[in-house]
Peer 1: 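Let me give you the structure first, and then I'll get to my questions.
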2 protein chains.
Amino acid sequence: MLGLMQDRPLLISSLVEHAATFHPDTEIVSRLPEGTVHRTNWRGIRDRAKQVARALGALGVRPGDRVGTLAWNSHRHLELYYGVSGMGAVLHTVNPRLFPEQIDYIINHAEDSVLMFDVMFAPLVEKLAPKLQSVKAFVAMTDRAHMPAADLPNLLCFEDIVSAQGTDYIWPEFDERSASSLCYTSGTTGNPKGVLYSHRSTVLHSLMELAPDTFGISSTETLLLVVPMFHANGWGTPYAAAMVGAKMVFPGPHLDGHSVYTLMRDERVTFSQGVPTVWMLLFQYLDAHPELDARALGIKRIGIGGAALSRAMLERFERDFGAEVVQGWGMTETSPIGAINTLLDKHKRMPEEDQLRIKLKQGRGVWGVDLKIVDDEGTVQPWDGKAFGHLYVRGPWIASGYYRGEGGSPLDAEGYFRTGDIATIDPDGFLQLVDRAKDVIKSGGEWISSIDVENAAMGCPGVAEACIIGVSHPTWQERPLLLIVRRPGHEVTREQVLEFLGQRIAKWWLPDEVLFVPELPHTATGKLLKMKLREQYRDYVLPTAVAAT
Amino acid sequence: MLGLMQDRPLLISSLVEHAATFHPDTEIVSRLPEGTVHRTNWRGIRDRAKQVARALGALGVRPGDRVGTLAWNSHRHLELYYGVSGMGAVLHTVNPRLFPEQIDYIINHAEDSVLMFDVMFAPLVEKLAPKLQSVKAFVAMTDRAHMPAADLPNLLCFEDIVSAQGTDYIWPEFDERSASSLCYTSGTTGNPKGVLYSHRSTVLHSLMELAPDTFGISSTETLLLVVPMFHANGWGTPYAAAMVGAKMVFPGPHLDGHSVYTLMRDERVTFSQGVPTVWMLLFQYLDAHPELDARALGIKRIGIGGAALSRAMLERFERDFGAEVVQGWGMTETSPIGAINTLLDKHKRMPEEDQLRIKLKQGRGVWGVDLKIVDDEGTVQPWDGKAFGHLYVRGPWIASGYYRGEGGSPLDAEGYFRTGDIATIDPDGFLQLVDRAKDVIKSGGEWISSIDVENAAMGCPGVAEACIIGVSHPTWQERPLLLIVRRPGHEVTREQVLEFLGQRIAKWWLPDEVLFVPELPHTATGKLLKMKLREQYRDYVLPTAVAAT
């Protein structure tokens with residue numbers, strides 16, 4: 001028997017309509033590429049999103065078609081978030097930091113019919129254009145006065161095509177499971193794979209972002225979105241903000257410490273989200289300007305994800321800013337909320353040092369994300385904070401597969417998505433990432449966390465960068481090989497490193513060899529390319545292997 | 001094109017599973033009918049809900065079958081919330097305060113196959129039993145030691161049937177639009193009508209209750225649920241609390257001031273929800289015990305709905321308790337969130353008196369509830385805070401009709417539900433109820449709010465109760481007739497009342513006549529039965545009507 005409640009589909013257009021209806025005058029502030037600050041409001045965003053939808057229709061874009069963006073965070077990007085998805089087309093946010101050959105692969109794979117880009121990417125787009133077979137129109141996200149002189153076929157000006165349209169547009173209604181946006185993972189192996197979000201998954205994820213147990217986003221908030229909008233839906237915040245009509249502030253391409261600091265100060269930002277790298281830039285700026293008082297910013301919370309939060313960063317935000325830090329774990333495939341670190345009531349009565357230990361975990365599960373950790377044989381591991389396991393997640397905003405079936409099904413028999421991460425979970429459901437599954441070193445049936453060893457090695461004086469990989473071993477299956485880049489002018493030795501590590505990690509985790517290398521390979525987004533190193537050292541014979549043979 | 005996200009149904013069982021997994025030890029505290037305090041936790045509730053599901057299966061209950069409850073708030077009622085809906089059956093919460101003939105009508109109309117009841121309702125159930133054709137088993141919600149000596153066919157003991165079952169039960173998965181619970185409106189006209197909620201509507205509504213713009217329920221909360229669980233899903237809180245694993249406190253039948261106060265104090269309650277009447281009892285208790293310090297309770301928020309919040313009540317909670325008041329508007333048909341009063345950021349910078357004026361409105365629209373006000377011809381009225389209109393609402397947790405099609409479709413052509421309320425909406429989307437549509441007095445094409453006139457009359461010294469109804473008038477279509485019950489020992493006159501009103505309401509709103517009556521008729525839930533009065537005074541000739549003829 002079905003219930004008798006209204007059968008309203010969960011659609012992204014309803015978010016911006018809510019904001020425009022109940023919070024029409026709440027501001028949307030953007031720092032433009034030129035450095036000037038632009039102001040509009042939710043009513044303006046909704047109206048322009050409707051104009052975008054009409055303009056795309058005029059360009060021949062139909063429901064289900066993909067529209068690519070190569071853009072920083074701005075009101076125009078927000079208008080595309082709502083205009084493209086709202087009309088039923090698919091917003092494909094492309095990461096401009098990828099290698100050009102990845103970008104053209106992605107755009108061709110997605111078959112984007114229109115490509116919207118910020119003016120600073122004009123030279124890149126010009127270079128890529130001949131290879132982009134599906135793109136029928138290139139749209140520079142600027143006004144007539146700032147149009148780039150680019151040699152592009154069918155080059156259009158965003159402000160021209162938008163202002164040519166009226167705002168009399170009624171959002172279409174359709175199946176809430178329809179695709180709304182597309183984001184490719186920048187995998188370290190193989191080609192990038194596309195995660196295809198739906199209206200339903202996006203709306204449910206937005207609702208969860210309002211919960212005080214996650215980001216607690218409310219109408220009284222001023223949100224500075226530092227995390228790029230081409231990263232997993234800008235962490236979902238452009239949607240959640242509309243759902244409650246929060247004020248939004250976009251930094252454009254200006255992520256330097258001075259720009260971020262002044263936006264925080266001038267707009268009275270209460271909450272900002274970003275990856276640790278950007279916060280390091282902010283800290284460096286404040287270090288260089290001791291006359292500035294971070295606490296006077298009045299910022300209440302900082303959302304951090306994308307990479308592990310360090311103790312130093314956590315403490316500095318708490319101490320210098322008087323801000324709470326909300327760490328989260330997620331992936332492009334998880335929309336991205338997988339786990340969020342907000343303390344339980346009982347933690348608040350603990351000594352500060354114990355609280356800190358908990359705050360540095362990646363986070364606690366939220367409703368909508370089922371978690372499990374399993375060993376290589378698929379046996380579920382206990383939640384004791386010690387047992388390692390492959391992390392699997394399941395829920396209505398978790399991917400079920402990749403665009404055009406790439407990579408086959410990532411789900412297990414119970415419908416859980418294999419994250420590729422190794423984690424522990426404690427009795428309170430707090431997740432701690434231990435390693436990537438492909439990086440963990442399997443020594444005699446036990447697992448060694450490459451992250452833990454690397455973090456320990458990074459603390460050794462004279463070490464600029466450390467990377468540990470598993471190398472085959474006749475007795476132990478694999479044993480760790482540590483690769484180190486020395487700091488310029490430092491002459492740290494193999495023995496000093498091993499001595500240092502010996503005091504910090506389990507004896508059987510100690511690397512069997514330490515090699516000093518001039519540099520280590522990285523991906524476009526700055527991650528260590530361990531795959532390449534494993535390839536390079538595949539036949540490396542560890543001294544302990546010689547002894548064992 | 002559909003997205004590639006996991007197709008997980010939104011099911012009520014997932015809420016209690018989340019709570020049991022991530023917050024297993026968080027307490028669920030109940031004051032039992034006997035007065036003693038019972039403690040369990042979310043793990044216990046989940047396990048017992050599974051036992052309930054198995055026990056119902058053993059009684060022959062199948063998915064879609066209705067299971068009735070006549071019960072106060074307790075852990076057992078919570079176990080039924082999850083056990084019944086979780087197994088796919090429909091939880092039918094019956095309001096024990098209704099007239100017995102309404103109760104048997106409702107249970108027969110719903111065709112409940114099992115009736116669960118608190119022991120104090122045994123005499124009532126005994127009386128009703130012969131008329132309840134569909135009920136195959138009567139279950140007293142108690143243990144063997146407290147079983148009532150009732151003459152009932154197939155009388156079972158809740159604790160016996162639950163403890164006979166194991167906890168090894170896997171929640172079934174099914175269509176999220178399936179019916180989950182049923183609640184009848186206690187309408188003032190005609191028979192009660194059943195609102196049939198779905199798993200989907202309940203989960204979406206729960207998500208919205210987490211938002212700081214509504215109730216902001218989090219895992220750190222201790223919730224005292226004073227509003228009965230037979231009123232519109234207990235305002236959704238039993239579900240929202242599980243979604244974040246909040247501590248819950250149930251008062252059982254003990255709603256007197258002393259009981260509520262001691263639970264608040266002993267359990268360190270942070271948030272409590274209830275109707276104004278219960279808070280009046282708490283205030284009276286505190287008045288009688290000036291040695292008690294309400295502020296020391298540390299309660300942070302009070303949720304109020306079901307009837308208008310008075311200025312005196314708002315001020316007392318703020319001043320004496322140091323608590324924030326969150327007023328809401330809703331109906332059984334709206335799950336019940338329709339609008340919630342949380343201030344916008346700009347309001348917080350207003351003078352206190354202006355804030356107060358806003359806080360006394362019923363609330364602001366939230367995402368998921370589209371609002372509109374229209375005149376008698378269906379023309380949409382402006383949101384200026386002045387124009388009156390019939391209030392219509394639309395959204396995924398709003399009813400589309402009533403059980404078994406009673407009353408026909410309550411939706412208009414756009415799919416909006418007609419609430420039967422008359423309201424204004426201000427430019428910020430704050431709703432203010434003006435009247436019930438059937439009570440508003442239509443005088444010469446203009447509308448007079450019976451509520452406003454009654455509230456004004458209630459302030460007149462010597463008036464115990466006031467009721468205004470429209471009486472037909474040859475010139476004006478209708479004009480107001482005011483009926484007054486005098487306070488014992490007071491001799492307030494017609495002239496004094498009119499003089500008093502003349503200084504408070506518009507001249508054309510002044511009643512054409514004032515009659516003093518010994519008493520006024522009420523519904524079972526304490527509302528004025530104006531229908532009956534309109535019937536009684538249908539042929540009443542106003543003095544102004546005589547003059548006009």
Peer 1: Can you tell which part of D7(A) gets under 4.5 Å to a heavy atom of chain B, answering side chain, backbone, both or neither?
Peer 2: side chain

Peer 1: Would you give the length of the straight line joining atom CG of L4(A) to atom CD1 of I398(B), rounded to the nearest 0.5 angstrom?
Peer 2: 14.0 Å

Peer 1: Given heavy-atom pairs under 4.5 angstrom as the criterion, report whether the side chain, backbone, both or neither of D175(B) touches chain A.
Peer 2: side chain

Peer 1: Heavy-atom distance under 4.5 Å to chain B: side chain of S201(A), backbone, both or neither?
Peer 2: side chain

Peer 1: What part of I425(A) is in contact with chain B, defined as an atom under 4.5 angstrom from a non-hydrogen atom: side chain, backbone, both or neither?
Peer 2: neither

Peer 1: For chain A, which residues from residues 402-410 of chain B have at least one heavy atom closer than 4.5 Å to it?
Peer 2: Y402(B), Y403(B)

Peer 1: Please check if the side chain of Q6(B) supplies one atom and the backbone of G395(A) the other of a donor-acceptor pair under 3.5 Å.
Peer 2: yes

Peer 1: Among I217(A), V369(A), D428(A), L10(A), which residue forms the greatest number of heavy-atom pairs with chain B at distances under 4.5 Å?
Peer 2: L10(A)

Peer 1: Distance check, rounded to the nearest 0.5 Å: L204(A) atom CG versus M5(B) atom CE?
Peer 2: 10.0 Å

Peer 1: Highest number of heavy-atom pairs under 4.5 Å with chain B: which of A211(A), G365(A), P63(A)?
Peer 2: G365(A)

Peer 1: Quick one, F22(A) with W383(B), criterion ring pair (Phe, Tyr, Trp, His ring centres under 6.0 Å). Give me CA distance, side-chain angles, the key distance, then yes/no.
Peer 2: CA-CA 10 Å; F22(A) 288 92; W383(B) 290 20; 5.4 Å; yes

Peer 1: List the steps and the verdict of side-chain contact (heavy atoms from CB on, under 4.5 Å) for W367(A) and L15(B).
Peer 2: CA-CA 7 Å; W367(A) 178 88; L15(B) 304 176; 3.5 Å; yes

Peer 1: Ion pair present between E176(A) and R200(B), side-chain N to carboxylate O less than 4.0 angstrom?
Peer 2: yes

Peer 1: Output yes when a side-chain donor or acceptor of S219(A) lies under 3.5 Å from a complementary backbone atom of L344(B), and no otherwise.
Peer 2: no

Peer 1: Can you measure from CG (L210(B)) to CD (E209(A)) and round to the nearest 0.5 angstrom?
Peer 2: 13.0 Å

Peer 1: Let's test your reading of the structure: which of S198(A), G429(A), P396(A), G64(A) forms the most heavy-atom pairs below 4.5 Å with chain B?
Peer 2: P396(A)

Peer 1: Taking only residues two or more places apart in sequence, or in another chain, which ones meet Y184(B) in a ring-ring contact (aromatic ring centres under 6.0 Å, His included)?
Peer 2: H92(B), H109(B)

Peer 1: What is the distance from atom NE2 of H23(A) to atom NZ of K346(B), rounded to the nearest 0.5 Å?
Peer 2: 10.0 Å

Peer 1: Once you round to the nearest 0.5 Å, how far does CG of D345(A) lie from OG1 of T220(B)?
Peer 2: 5.5 Å

Peer 1: Between atom CG of L2(A) and atom OG of S178(B), what is the distance when rounded to the nearest 0.5 Å?
Peer 2: 5.5 Å

Peer 1: Determine whether more than 12 heavy atoms belonging to other residues, nucleotides or ligands lie under 6.0 Å from atom NZ of K372(B).
Peer 2: yes

Peer 1: For chain A, find which of M208(B), R177(B), H199(B) contributes the most heavy-atom pairs closer than 4.5 angstrom.
Peer 2: R177(B)

Peer 1: Restricting to salt bridge (charged side-chain N to carboxylate O under 4.0 Å, His left out), what partner residues turn up for K247(A), sequence neighbours left out?
Peer 2: E27(A), E267(A)

Peer 1: Please rank K348(B), R364(B), M243(B), E221(B) by heavy-atom pairs under 4.5 Å with chain A and give me the top one.
Peer 2: M243(B)

Peer 1: Which answer fits R66(B), side chain, backbone, both or neither, if we ask what part of it has an atom under 4.5 Å from a heavy atom of chain A?
Peer 2: side chain

Peer 1: So for P9(A), is it side chain, backbone, both, or neither that comes closer than 4.5 Å to the heavy atoms of chain B?
Peer 2: backbone

Peer 1: Which atoms of F430(B) come close to chain A, meaning under 4.5 Å heavy atom to heavy atom: side chain ones, backbone ones, both, or neither?
Peer 2: neither

Peer 1: Is L182(A) close to chain B through its backbone or its side chain, or both, or neither, when contacts mean heavy atoms under 4.5 Å?
Peer 2: neither

Peer 1: Between the main-chain N or O of S218(B) and the side-chain N or O of D213(A), is there a donor-acceptor pair closer than 3.5 Å?
Peer 2: no

Peer 1: Measure F174(A) against the heavy atoms of chain B and call it side chain, backbone, both or neither at under 4.5 Å.
Peer 2: neither

Peer 1: Using a cut-off of under 4.5 Å on heavy-atom pairs, state which of L343(B), T222(B), D25(B), V244(B) scores highest against chain A.
Peer 2: V244(B)

Peer 1: Holding to salt bridge (charged side-chain N to carboxylate O under 4.0 Å, His left out), I want the full list of residues that pass it with E173(A), two or more places apart in sequence or in another chain.
Peer 2: R8(A)

Peer 1: Select one option (side chain, backbone, both, neither) describing which atoms of T21(A) are under 4.5 Å from chain B's heavy atoms.
Peer 2: both

